[in-house]
Amino acid sequence: MKISNGDNHQYQQEVRQVAALLRAHDGPVVVLSHENPDGDALGSLLGLTRALRGLGKTVIAPMNVPRYLRFLPEPGETSTPLTDCPEGALAVVVDVDNNDPDRVAGADLRQFSGQVVNIDHHGTNQRRATAGLVDPGKPAAVMLVADVLDELDITWTEWVATPLMLGLITDTGSFKFDSMTPETFECAARLLGHGARLGWINDSMGQNPRAYYLLLREVLDTMEFTRDGRVVMARVDDAMLARAGATWEDVESYVGLLRNSEDADLAVMIKDFGERVKLSMRSRGGVSAQNIAVALGGGGHVMASGASLSEPYPAVRRLLDTAIDTELARVDSLGAVAAVAH
């Protein structure tokens, strides 16, 4: 029994096409994911890399792994970003659209002329690759990777299953998000059956350095509750990092804490780099973080999205407020229509 749902003919066809290209390629394989990788990015990259190396493939996996995920890869499994891709390489881009080279990390796809495989679950994916497997209905990209590995008929081990379980945990909020489906639980069960170390992953991810808490204290002081509490925001900048002895990596999980605010439909974590601002957003209650992100030139999922803007914070804040108000008005109008209908 495979992890995938065999009822979707197009999906199954894409799985076979991706697996066929991976199987046939006898040169080096370069596996890439997105900037500021999360657990799904690392899990997809590492699970695929380990499986392909087990099939005798030469695999290069350039990724700057964030501190909170460094418990998973072994020394030498990932490498520093490439300045040039090796001759005859096949690029495999996971958990990000290969048509968004500014977000793809590890190598510059604009200078790559070879074949490209794309495995992604974002609804904004443009679906242009030599072979692509894209399904926004999957809450984590690792589920798509798992289906490809089944099609490759690999020998499943804990070594391969554990990073895929990491991706499931992180992109489903430890199986708590509405994006969960029966198939997601089936995938988790299969990975557990293959030896995935669920408890070890959760314990490892729950450990934070002292600087994390010192920075959190400063971040909480910036919290704003706006729109009658429907929106909660917080901001962090370089000066706060310096005072706490923290790094930008320590900020990554804060947006999840903001999202837990009672009655908040939207949480926004603002990373102020000075002349550039990055926004991380989480939503609930029909509010689409994706709509807000797209309006600001970003993207992602309906309930988890982000955007980067090359402007100082005051200018970005004005744009952000406008996008938020537009989205809340959309949600409210739908609610009003539904109320009239009843």
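Both backbone and side-chain heavy atoms feed into the values below; hydrogens, waters and symmetry mates do not.
Between Met205 and Ile201, some side-chain heavy-atom pair lies under the 4.5 Å cut-off. Annotation: side chain of Val236 is not in contact with side chain of Asp272 (no heavy-atom distance under 4.5 Å). Side-chain atoms of Asp265 and Ser283, non-hydrogen and from C-beta on, never get closer than 4.5 Å to each other. By the 4.5 Å heavy-atom criterion applied to side chains, Leu109 and Leu32 are counted as neighbours. The shortest distance between side-chain heavy atoms of Val142 and Asp95 does not fall below 4.5 Å.
In this structure a side-chain-to-backbone donor-acceptor pair under 3.5 Å is missing from Ser174 to Thr170. A donor-acceptor pair under 3.5 Å links the side-chain atoms of Asp40 to the main chain of Ala141, judged by distance alone. A distance-only check finds a donor-acceptor pair linking the side chain of Arg284 to the backbone of Ala264 [under 3.5 Å]. For Thr49 (side chain) and Ala61 (main-chain N/O), no donor-acceptor pair under 3.5 Å exists by modelled atom type. Glu275 contributes no side-chain N or O that, together with a main-chain N or O of Glu311, makes up a donor-acceptor pair within less than 3.5 Å. Under the 3.5 Å distance criterion, the side-chain polar atoms of Asp250 are matched with a main-chain donor or acceptor of Thr247. The backbone N or O of Val94 lies less than 3.5 Å from a partner atom in the side chain of Ser33, making a donor-acceptor pair. Within the 3.5 Å criterion, the main-chain N or O of Glu74 finds a donor-acceptor partner in the side chain of Glu77. Listed for the Asp97 side chain is a donor-acceptor partner under 3.5 Å among the backbone atoms of Gln126. Side chain of Thr130 to backbone of Val116: a donor-acceptor contact under 3.5 angstrom is found.
A salt bridge links Glu252 with Lys271: the closest approach of a Lys/Arg side-chain nitrogen to an acidic carboxylate oxygen falls below 4.0 angstrom. Ion pair Glu224/Arg235 not flagged as a salt bridge, since none of the NZ, NE, NH1 or NH2 atoms sits closer than 4.0 Å to an Asp/Glu carboxylate oxygen. Checked for salt-bridge contact, Arg217 and Asp221 miss the test: no charged N lies under 4.0 Å from a carboxylate O. Under the 4.0 Å criterion applied to side-chain N and carboxylate O atoms, Asp321 and Arg318 are not assigned as salt-bridge partners. With respect to the salt-bridge test (charged N to carboxylate O, under 4.0 angstrom), the residues Glu151 and Arg16 do not qualify. Ion pairing between Arg230 and Asp332 holds under the 4.0 Å rule for side-chain N and carboxylate O.
Between Val148 and Ile119, the closest heavy-atom pair is CG2-CD1, 4.3 Å. When all heavy atoms of Gly299 and Val294 are compared, the pair lying nearest together is CA-CG2, 4.3 Å. The minimum heavy-atom distance linking Asp38 with Tyr68 is given by the pair CA-OH, 3.7 Å. In terms of heavy atoms, Asn125 sits closest to Arg127 at OD1-N, 2.7 Å.
Aromatic ring centres of Phe273 and Tyr313 lie farther apart than the 6.0 Å criterion allows.
Counted within 6.0 Å of CG on Asn208, heavy atoms from surrounding residues, nucleotides or ligands total more than 12; the atom is thus considered enclosed.
Leu144 and Val104 end up in different hydrophobic clusters when Ile, Leu, Val, Met, Phe, Trp and Tyr side chains are linked at under 4.5 Å. In this structure, Leu90 is not a member of the same hydrophobic cluster as Leu82, with clusters built from ILVMFWY side-chain heavy atoms closer than 4.5 Å. Val18 is connected to Leu164 through a chain of hydrophobic side-chain contacts under 4.5 Å among Ile, Leu, Val, Met, Phe, Trp and Tyr, so both are in one cluster. One hydrophobic cluster, built from ILVMFWY side chains closer than 4.5 Å, holds both Ile292 and Val331. In terms of hydrophobic clustering, with Ile, Leu, Val, Met, Phe, Trp and Tyr side chains grouped at heavy-atom distances under 4.5 Å, Val232 and Val277 are assigned to different clusters.
Relative orientation of the His301 and His122 rings is parallel, given thresholds of 30° and 60° on the angle between their planes. In this pair, Trp156 and His194 present their aromatic rings parallel. The plane angle is below 30°, not in the 30 to 60° band.
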Check: Does the side-chain contact (heavy atoms from CB on, under 4.5 Å) test come out yes or no for Thr184 and Met143, once each step is laid out?
Finding: CA-CA 8 Å; Thr184 316; Met143 294 180 66; 4.0 Å; yes
Note to self: If you apply the rule side-chain contact (heavy atoms from CB on, under 4.5 Å), what do you find for Cys187 with Leu168, and how did you get there?
What the structure shows: CA-CA 9 Å; Cys187 180; Leu168 273 186; 3.9 Å; yes
Note to self: For a side-chain contact (heavy atoms from CB on, under 4.5 Å) check, start with the C-alpha distance between Leu133 and Asn118, then their side-chain angles and the critical distance, and finish with the verdict.
What the structure shows: CA-CA 6 Å; Leu133 176 61; Asn118 192 200; over 6 Å; no
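Cluster note: Leu214 groups with no other residue, as no ILVMFWY side-chain heavy atom lies under 4.5 Å from it. Through direct or relayed side-chain contacts under 4.5 Å between Ile, Leu, Val, Met, Phe, Trp and Tyr, Val302 connects to Met303.
Screening residues 110-119 for salt bridge (charged side-chain N to carboxylate O under 4.0 Å, His left out), with sequence neighbours left out, gives Asp102-Arg110, Asp108-Arg110.
Remark: of the listed residues Val145, Val93, Val92, Val145 is the sole one forming a side chain to side chain contact (heavy atoms under 4.5 Å, CB included) with Ser44.
Side-chain polar atoms of Tyr11 and Asp147 form a donor-acceptor pair below 3.5 angstrom.
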